[in-house]
Amino acid sequence: MTTPTGPSHISSRDNPLLKDLRKLAQDPGAYRRLGRVWLEGDHLCRAALGRGIKPAIAVFSESFWPQSPAEWVNAAIKTVVVDDDLLRAVSGLESPAPMGFVLDLPERPALLPDAPSVVLDRLQDAGNAGSILRSAAAFGFKQVIALKGTAALWAPKVLRAGMGAHFGLRLIEGVEADALDELKVPLVATSSHRGEWLHQARLPHPCAWLMGHEGQGVSPALEARATHHIRIAQPGGEESLNVAAAAAICLHASGAAGPAGAGS
């Protein structure tokens with residue numbers, strides 16, 4: 001869409017690209033059908049560029065385009081400028097951003113049997129899923145396996161909650177539990193009622209942490225696969241923790257231990 005004299009301009013709400021952007025911004029599963037991902041706002045866009053990702057399309061509002069930073073101008077293969085009102089109508093946010101990138105949906109990577117991993121078992125909340133991705137990236141768990149029934153990992157809300165973590169992770173989604181047979185690392189299940197206390201346990205490293213459904217926890221079938229069961233001490237007396245908070249605590253403890261503090 002970029003021409004020798006500058007970007008293409010869109011002034012019709014019926015433009016095919018705008019129709020696709022509306023779907024990508026507002027429908028959590030649209031990226032699977034369209035094979036593309038919409039990154040709204042400079043933080044996610046900058047995170048993608050920082051990982052060496054070349055956007056397929058850069059999109060700017062008409063008012064923002066003249067003042068857009070130099071690194072955005074030639075960031076993508078194609079560039080389009082959209083009337084402000086039309087771009088605001090695309091967004092699912094209360095305060096729409098004046099720019100964004102369209103990425104080609106990455107191909108699903110092969111599962112690495114020995115990689116430190118996080119397994120998401122039917123997590124429903126997009127914010128929880130994105131927060132766990134962020135913790136996984138921060139604490140060195142570079143592979144995330146989302147079982148069927150888990151929130152769509154490249155959905156807009158998950159992307160925003162992940163804050164750029166997506167671009168440093170191997171994301172394998174929509175698989176059956178049998179895919180975990182390929183893993184050679186121990187499976188560690190979180191629980192609110194059984195297992196060793198996290199602060200006393202000798203954690204295996206590397207391992208794969210199993211993080212379960214917000215209300216039901218890790219499924220019985222998946223729990224039966226685990227070689228270790230861990231619970232977090234809660235002296236304040238609460239019954240359980242939010243799964244994203246529990247994941248952050250467990251992944252920090254496990255990643256901080258590393259090979260030197262690992263047991264089996």
Side-chain angles (χ1 to χ4, degrees), residues 28 109 111-113 115-155 157-163 165-166 168-199 201 203-234 238-257:
L111 187 148
L112 296 181
S117 304
V118 179
V119 178
L120 306 181
D121 176 24
R122 299 165 298 123
L123 266 71
Q124 300 297 294
D125 184 82
N128 284 337
S131 180
I132 292 174
L133 296 190
R134 193 175 181 189
S135 293
F139 300 128
F141 290 79
K142 298 300 186 182
Q143 180 166 262
V144 177
I145 304 164
L147 302 185
K148 283 188 175 178
T150 296
L153 295 189
W154 291 94
K157 289 183 179 179
V158 181
L159 278 163
R160 291 195 293 274
M163 297 288 285
H166 287 68
L169 296 169
R170 299 177 66 85
L171 300 179
I172 303 166
E173 65 173 341
V175 299
E176 301 286 356
D178 288 348
L180 302 183
D181 292 342
E182 297 180 40
L183 289 175
K184 296 180 181 179
V185 297
L187 302 185
V188 183
T190 53
S191 174
S192 62
H193 59 277
R194 62 173 290 200
E196 294 182 87
W197 296 112
L198 176 64
H199 66 281
L203 299 170
H205 189 88
C207 68
W209 282 91
L210 309 179
M211 299 294 166
H213 182 279
E214 287 86 349
Q216 302 166 12
V218 175
S219 71
L222 198 56
E223 195 172 10
R225 292 172 175 259
T227 56
H228 297 68
H229 296 83
I230 294 294
R231 51 181 169 163
I232 300 169
Q234 299 172 64
E238 292 298 320
E239 180 182 353
S240 63
L241 288 173
N242 168 273
V243 64
I249 293 168
C250 292
L251 296 181
H252 175 265
S254 187

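Just so it is clear, the values below take in all heavy atoms, side chains as well, and ignore hydrogens, waters and symmetry mates. All of these numbers come straight from a predicted model, not from anything done at the bench.
Closest of all the heavy-atom pairs between Gly212 and Leu123 is O-CD1, 3.3 Å. Leu112 approaches Gln143 most closely through the heavy-atom pair N-OE1, 2.8 Å. What you find for Ser117 and Ala115 is that their closest heavy atoms are OG-O, 2.7 Å. Smallest separation of non-hydrogen atoms from Val158 and Ala152: CG2-O, 3.3 Å. In terms of heavy-atom proximity, Ala155 sits nearest to Pro28 at CB-O, 3.5 Å. Shortest non-hydrogen contact noted between Ala244 and Ile132 is CA-CG1, 3.8 Å.
For residues 145-154, the pairs satisfying side chain to side chain donor-acceptor pair (under 3.5 Å) are Lys148-Glu176, with sequence neighbours left out. For residues 206-234, every residue pair satisfying the salt bridge (Lys or Arg N to Asp or Glu O under 4.0 Å) rule, not counting sequence neighbours, is listed here: Asp178-Arg225, Asp181-Arg225, Arg194-Glu223.
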Step by step, would you call Leu222 with Leu180 a side chain to side chain contact (heavy atoms under 4.5 Å, CB included)? CA-CA 9 Å; Leu222 198 56; Leu180 302 183; 3.3 Å; yes

Set out, in order, the CA-CA distance, both residues' side-chain angles and the distance that settles side chain to side chain contact (heavy atoms under 4.5 Å, CB included) for Asp125 and Val243, then state yes or no. CA-CA 10 Å; Asp125 184 82; Val243 64; over 6 Å; no

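By the 4.5 Å heavy-atom criterion applied to side chains, His228 and Pro186 are counted as neighbours.
One finds the CG atom of Leu171 at 6.0 Å from the NE2 atom of His166 (value rounded to the nearest 0.5 Å). Separating the CD1 atom in Ile145 from the CG atom in Leu153 is a distance of 11.0 Å, to the nearest 0.5 Å. To the nearest 0.5 Å, atoms CG (Leu203) and OG (Ser254) are separated by 5.0 Å. The CG atom of Leu120 sits 10.0 Å away from the CG atom of Asn128 when rounded to the nearest 0.5 Å. Atom CD1 of Ile249 and atom CD1 of Ile230 lie 13.0 Å apart (nearest 0.5 Å).
Counting heavy atoms of neighbouring residues, nucleotides and ligands inside a 6.0 Å radius, atom NZ of Lys142 exceeds 12 of them.
For Thr190, the side-chain contact (heavy atoms from CB on, under 4.5 Å) partners at least two apart in sequence or on another chain are Trp209, Met211, Val218, Cys250. Every residue meeting the side-chain contact (heavy atoms from CB on, under 4.5 Å) condition with Pro113, not counting sequence neighbours, appears here in chain and number order: Lys184. By the side-chain contact (heavy atoms from CB on, under 4.5 Å) test, His213 pairs with Arg122, Gln124, Gln216, sequence neighbours left out. Remark: Arg160 engages no residue in a salt bridge (Lys or Arg N to Asp or Glu O under 4.0 Å) (not counting sequence neighbours).
No side-chain donor-acceptor contact under 3.5 Å links Asp121 to the backbone of Leu210.
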